[in-house]
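Throughout, residue positions are numbered sequentially from 1 according to the sequence presented. Both counts, for ligands and for their atoms, begin at 1 and track the order of listing.
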Amino acid sequence: FCRRLAADAGRLAHSAFGSAALLPAKGRHDEVTAMDREVERFVREAITRAFPGDAVLGEEDGASADVASAEFLWIIDPIDGTANYARGIAHYCVSIGVLHNQVPAIGVLHDPSHDRLYWAARGQGAWLDENGATRRLAVSPIASLDGATVECGWSLRRPQADYIALFDRMLGAGCAVRRAGSGALGLADVAAGRTEAYAELHINSWDCAAGLLLVAEAGGRINDFFAGGGLLQGNPIVATNAALAEPLAALAGIPLLSTPQEMKR
Ligand code: IPD
Ligand code: CA
């Protein structure tokens with residue numbers, strides 16, 4: 001259900017790619033298009049029809065009343081990478097994560113520009129459907145910081161000096177640093193072994209609920225994102241390959257969990 005829903009939602013978003021109507025921004029460098037709203041409505045309605053007892057949290061329409069108590073919680077980002085989407089840059093996705101009893105259980109991302117469907121279920125691995133084939137994802141084996149590429153997300157939610165210090169530490173350690181504008185796809189890149197880490201000083205749960213499980217199920221390491229109110233207020237994030245987990249987390253200044261099962265909100 002979740003895979004089909006994410007793919008349908010991604011196709012809906014892509015139908016307006018290149019002609020998306022920008023609405024008044026939510027904040028400086030925090031844009032929203034009419035399609036962000038439409039996709040979230042589409043996903044919420046489908047979930048509510050199929051699973052009326054479940055709670056939902058989405059980037060655009062917020063949390064349902066039972067968000068803290070429901071057995072199943074769906075966490076939706078209708079378009080992650082909205083700034084890319086609104087500028088005609090083909091790097092954005094739909095993200096749907098499900099927590100079961102507060103622990104990540106399912107994560108699905110659809111990247112409609114490349115028709116890539118990433119999906120993970122707790123204990124069942126991380127997978128990618130692309131070009132009619134399904135393959136299992138695994139994090140990169142790179143074990144030297146000199147060979148590492150790290151995506152560092154950025155927003156105005158934390159001071160500029162703190163981001164510059166983070167980039168400086170990563171560059172100083174020999175890593176290549178990039179920022180492509182979708183935290184969710186940044187996590188998918190780690191799960192697929194294309195980059196060695198994703199780090200950001202603050203990210204929201206809808207950006208990363210699905211991607212964190214992808215990385216964990218692809219054999220990577222993640223931080224305790226949902227601790228201390230991360231679900232509703234966001235938190236720092238680090239997600240890494242296994243070989244460089246300790247040095248990259250130390251450079252990010254964010255401690256790692258040893259297993260995703262520990263990750264409770
Ligand atoms: C943003 C993107 C960005 C990340 C920000 C997010 P949006 O989400 O994921 O890469 O650095 O923290 O807010 O606005 O594109 O949905
Ligand atoms: Ca987002």
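The protein non-hydrogen atom at the shortest distance from atom 16 (O) of ligand 1 is Glu59 OE1, 3.1 Å. For atom 6 (C) of ligand 1, the closest non-hydrogen atom of the protein is Asp207 OD2, 3.7 Å. Closest to atom 1 (C) of ligand 1 among all protein heavy atoms lies Asp80 OD1, 3.8 Å.
Close contacts between ligand 1 and Ser182 involve ligand atoms 9 (O), 10 (O) [criterion: under 4.0 Å to a heavy atom]. For ligand 1 and Glu200, the ligand atoms under 4.0 Å from any heavy atom of the residue are 4 (C), 5 (C), 11 (O), 12 (O). Close approach of ligand 1 to Gly81 is summarised as follows: ligand atoms under 4.0 Å from at least one heavy atom of the residue are 7 (P), 15 (O), 16 (O). Under a 4.0 Å criterion applied to the non-hydrogen atoms of Arg157, ligand 1 contributes the atoms 5 (C), 12 (O), 13 (O). Of all atoms in ligand 1, numbered sequentially from 1 with element shown, those under 4.0 Å from a heavy atom of Tyr198 are 11 (O). Atoms of ligand 1 lying under 4.0 Å from at least one heavy atom of Ile79, given by number and element, are 16 (O).
Glu60 has no carboxylate O lying under 4.0 Å from a charged side-chain N of Arg41, or vice versa, which leaves the two without a salt bridge.
In terms of polar-atom proximity, defined here as any N/O pair under 3.5 Å, Asn204 makes no such contact with ligand 1. The shortest N or O to N or O distance between Ala184 and ligand 1 is not below 3.5 Å.
Ring geometry, His100 versus Phe72: the interplanar angle falls under 30°, so the pair is classed parallel (tilted spans 30 to 60°).
With atom 10 (O) of ligand 1 as the reference point, the heavy atom nearest to it among Gly181, Ser155, Ala83 is part of Gly181.
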